[in-house]
Structures are given as structure tokens and as C-alpha cells.
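Please read the structure below before turning to the comments.
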Amino acid sequence: MRLSPALAVAASAALLATAACSPSEEGTNEGELTTVTAGVIPIVDVAPIYLGVDQGFFSDRGIDLELESGSGGAAIVPGVISGEFDFAFSNVVSLIVAREQGLPLTALTNGVTSAGEQGADFGGVFVLDDSDVNGAADLEGLTVAANNLNNIGDTTVRQSVRADGGDPTAVDFVELPFPDMPAALETGQIDAVWAVEPFASTIREAGHREIASNFVDTHPDLSVAAYFTGEDRLAQDPELFADITAALEESLAYAEDNPDEVRRILGTYTEIDEQVIEQMVLPRFPAQINDESVQTLADLMVTDGLIDSEPDLDALLP
Amino acid sequence: MSTATTTAPTPGGTRRPGARARTAPNRPLLGLLGIAAFLLLWEATPRLGVVPERYFPPVSEVLLTLAQRALTAPFWEAVGHTLYGWALGLAIAFVAAVLLGFALGAAPRVRAFTTSTVDFLRPIPSVALIPLAVLMYGTDIRSTLLLVIYACFWLIYIQVLYGVADVDPVAEQTARSYGLGRLARIRYVVWPTTLPYLMTGLRLAAAVGLILSITAQLIIGSPGIGQQITTAQQGNAIALVYAWIIATGILGVVINIGVRALERRVLRWHTSVRGEADT
């Protein structure tokens, strides 16, 4: 045989060569800034933190904030627990559930709050225009899509059904990612969807009907999500987290006061169509969590059986 | 094998020197025709209203989006990240599988000892390891690597084991009687026998590795094509989602062509590549 081993090694060598000329890690420390990593989702809700980086609210405090946009949130809580993220963004129901499962998470600031207006919130329940459903109570016996089951979507939609005099246990929820909802609704695969922006805008634009604003039905000032970290991490570096919290609060206040800025920054980190960005309903961004609304959510979670007993909210809330 | 047919002889099947030359030029042509038919179907489906255009844009719109994006730096950055995870993962899996495969292939007892463990681990889908990967490495490139290596390793490893086991006893005995030592026998008998198997494993692993590299980014959110697809989905940029999917397909084809070229080069002495029997 006349085979050169060098040829065979060429296979691995070629692969290694490809590896050598690919992008390298960018983790250099710039001056005296402390590098902090935050886990976020590339959605509308986190516009304030992108604005905060853009406006220098973090760098002013000596923080070099790196935003890791993990998808769908699957990596977020584990990321905080493992220390990969110094802090992150998640919805309040997920945080309460995680806390009940024994994960020592604690909120830093509010994340995003319901716009508070019936029929004009950043999320709602939609049906086809020619559907027989007129109110949330009519959802009894029908199938409603939510992006996650036993989470904030179905919990608040059940509250809408309850508030409208219906039986929430008679509503059948199925899991469907937000991006798939407009098509699933239109093709009749599903009776109703709980969707948030920008998909809510797409659905409205297609001429479908909004029958409930589930966040508003739960609490007009509903704190939907929060920025949070691990208790250990917080105890390790209280000064750094005081700075992070202050920067987050400034970012949230800036976003709350400058909706045009929110729409501008959305064009930089999302792929949402410009026209949709102009038209869609923005959430509100108060810096403080509305404790009462979180209590309401926690009570609903107990009622619906997401958790067994009344959670210790004092440990979770700042 | 091919018994009566004369129209489409398989290489090495009907041993006529001219047959291969005559069928070969048609293959790329047929391939192109296939692609054209597929694109036409894609263009027509939304345009004829079979599916709503709003949720499934015609291919012309998707290709236009792809062309626009291909002119921007972030596009190539994402491609680079994906290729990096793929190449590094595949390389590590390749080296590990070859070393372990040869070592265990040469030691039948140890091989028997590990068979049940391998059979247990092998069918575990790489994606099932995502929670573990995230817990250990977060959204780091190492998460992607874990998934790629796990998926690729078994494909190559099993092929190497089969290859090592396939050594012709007569060749082995001949080598021994010529006084070849252990290393020389590996070099001149075992290695050439295993090589075709190894290349098959590499080819399978290259394709699977790309899938896993993108899946990891899609689900975990580490940078790359997968993450770009997620961002496009979250922004309801449907044409862009499909543009990335096409880009992924093109990448897959390019990788496959590359590995096949490598295979032909490395195995140019082998009958499967020469396309003629040694008679």
C-alpha cells in the first residue's frame, strides 16, 4: 500500500486550520470598567437595558455591560445560577416558580409593566374576526395558545376568564411559540392565542379581534417581568449590584420618559419591521416593582396550582 | 447489484469503462433541475395562495433578503461563529474517535467490556444534553462544542471500530509473516482498511455537526446562525428567517462537497473512488 498518513491527517489538519481563522473571543477588559454579563431575550421588553448601554448609564458607573441574548429564556435562570450571567431578565411567574423550587433568586428592579389600558396593552388574547367568541368567558371549551404553559400567559388569561364570569378550568391551553401564533390562528389550528408585541400588531393588522387584555384584567399596574440575580452573587458584591441597580433604574426611567427612544433602539437589536415598530403598543417601564400586582399573581398561581403554598415574596422582591 | 439495466449503471457495478463517463455530466444538470423545480414550487405556493403569503414569503423575496444580508458584516460574523463551533467540535470528535477507536479496536476484550456502555450512550440525542450544557457552560461556545462533539464522536467512533474489525485476516497474517511489528501492521494493514470507514464517519459527522452547531445556537442562544434565526423569529421577520434557513442549506451543501472532495482525494486508491474493479 502506498498511502501517506499525512494525507489522512490532512482531514483533521484542515479542520483545525478552519478553526484557527475563525472569530476569536472578545473578552478584553477596557480600562477600569468592570465587565458584567446580563442574560436577556431579544424582545421588546428589554429595550430599556439596551438604551441604558447606548446612553452610557452603565459605563458612567464603571460597568461594561455585555448583553447575552439567549433565546426564549431557556438558558436564563440556569445561566444566573451557574454564574454565567451576573443578572438577567425574566417574567415574574417564572421567578416565583424558580424561588419555590429552591433556587435563591432575588429581583433587582422592575423589568416591564402592563400598559394598563384595556384593548391597548402590549399583549392580549386574540380570536379570528368571525369567531363566536366575544369575551374571555366564551373561551370555555376552546383551545388557547400560550408560549409557555403554567406561566404568566395562561395564569393571566385564566384571570381574564374568571373576571368575565367564566370557568378557567374549562379552557384548554396548548403551548405554541409566539412567532407561530399568527399563522396558527389564521389557519384555524387554534381557537385563540395569547400574543405579545410585535405579534399582537401582526394579528391586529391581519384584521383579527382582541377579546381580552389579560395583563390589565389581572392588575392595571401588573409588573410582568423583572431584572434579577442570585442571592449569593448579590451578597458577594453588594457595591457592584448597587451600581447595577442604579443604572437599571436610570435606564428604565429613561425608557419610560422617551418612547421614541425605545422605538429607535428596537431597530438596533431586533429584526422587527420599521413600520410595526412605529405602530405597536409599548409596555410601560416603571423602575419600581408593583408589589401588590406581584401578590395578585402569586395568589393566582396558588389558586391555579402552579405552586403549592403562598410564596415568600419578601425574599424575592427588592 | 445491477443485473439487467444498462441505462444507469452504478459505479463499480457494471464494469464498463465508458459507462461512468457517460452518466457523470448529467448529474450536476439533474441536480440543478431539481433545485429549479423546488424553487419554482416555493415561489408558486404562496403566490397561488396555497399558504398565506404573509407567513410564507415566496422564494424571490427570501433570496432578495438573503442577498441584502450577505453584504453586511454581521451576516458573515454569524456564519463564522457557526463554522467555528462546527469545525472545532468536529475536529475534537474526530481526533478522539480515531484514537479511542484504534485503541479499543486493537483490544477486543476492552471493546467487549465497553460495548454495552457505548450502545447505551450512542442513541442519546445530543439535544437532550442542552440543559446539562447550559448548566455547565452557559451560553458559551463550549455548550455548542459539547453538543457537536457528542453527536459527531459516536458516528466516527463506530465507523472506526467497524473498520478496525474489517481487517482481512490473510493480509494480517501476511504482514505478520513478513515480520511487520505492531505499529507497522497498524500503518500498512489496519489504517488502509479503516480509512474508507473513517471517511464515511467523517462525512456523516460533518453534516450532523453543522445541524447541532446551529441547533445549539437556536436553543441556547450562543452567537451564530441559530441565534440570528431566533432573533428574526422573535422580530416576526419571516423572510429573514427563511433567508437564514437557505443560508444554512447552502452551507450544508458546501460542507458536503468539501468532505466528498477530501474523501475522493484521501481514498483515490480505493475501488469505491476509482470506480473500477482491480481485475
Side-chain angles (χ1 to χ4, degrees), chain A residues 1-3 5 7-8 10-25 37 39 41-44 68-85 177-180 182-184 186-187 197-199 201-202 205-206 266 269-273 276-277, chain B residues 51-52 54-56 77 80-81 83-88 90-91 94-95 98 130-131 134-141 143 187-189 191-192 195 198-199 202 206 217-223 226-238 240-241 258-259 262-263 265-267 269:
Chain A
M1 293 289 191
R2 63 267 166 215
L3 179 84
L7 267 182
S12 43
L15 294 172
L16 288 167
T18 330
C21 58
S22 40
S24 58
E25 284 284 313
T37 311
I41 319 166
I43 55 172
V44 179
E68 294 269 350
S69 54
S71 66
I76 288 209
V77 169
V80 169
I81 295 295
S82 70
E84 162 91 2
F85 303 139
F178 286 130
D180 298 338
E186 187 154 329
T187 53
E197 294 288 10
F199 306 102
S201 279
T202 310
E205 204 180 313
L266 283 176
Y269 73 91
T270 72
E271 295 287 355
I272 306 173
D273 186 68
V276 177
I277 290 183
Chain B
V51 291
R54 201 173 325 135
Y55 307 122
F56 187 65
E77 226 169 86
H81 277 296
L83 283 179
Y84 181 54
W86 166 79
L88 195 58
L90 187 59
F94 181 85
V95 172
V98 169
I130 285 178
V134 170
L135 200 62
M136 291 201 299
Y137 305 124
T139 59
D140 218 51
I141 173 105
S143 284
R187 161 76 180 78
Y188 294 107
V189 181
W191 177 252
L195 201 53
L198 180 59
M199 290 313 293
L202 180 68
Q217 296 155 358
L218 200 64
I219 297 177
I220 302 171
S222 31
Q227 190 201 35
Q228 294 295 320
I229 293 176
T230 308
T231 306
Q233 279 176 334
Q234 297 290 349
N236 205 20
I238 297 170
L240 184 58
V241 173
V259 180
L262 182 75
E263 194 175 14
R265 193 171 152 68
V266 172
L267 295 178
W269 51 273

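First the proteins, then the strands, lettered A, B, ... as listed; each starts at 1. Since this is a predicted model, take the numbers as computed values, not measurements.
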Between A:G83, A:P198, A:P177, which residue shows the highest count of heavy-atom pairs closer than 4.5 Å to chain B?
-> A:P198
When rounded to the nearest 0.5 Å, the distance separating CD1 of B:I238 from CG of A:D273 is 10.5 Å
B:N236 to A:T202 - nearest heavy-atom pair and separation = ND2-OG1, 2.5 Å
Below 4.5 Å from any heavy atom of chain A, which atoms of B:Y137 appear? Answer side chain, backbone, both or neither.
-> backbone
Applying side-chain contact (heavy atoms from CB on, under 4.5 Å), run through A:E186 and B:R54 and close with a yes or a no.
-> CA-CA 11 Å; A:E186 187 154 329; B:R54 201 173 325 135; 3.0 Å; yes
Roughly how far, to the nearest 0.5 Å, is CD1 of B:I229 from CD of A:E271?
-> 12.0 Å
What distance do B:T231 atom OG1 and A:I272 atom CD1 have between them, rounded to the nearest 0.5 Å?
-> 10.5 Å
By a 4.5 Å heavy-atom criterion (distance strictly below it), what part of A:E84 contacts chain B: side chain, backbone, both, or neither?
-> side chain
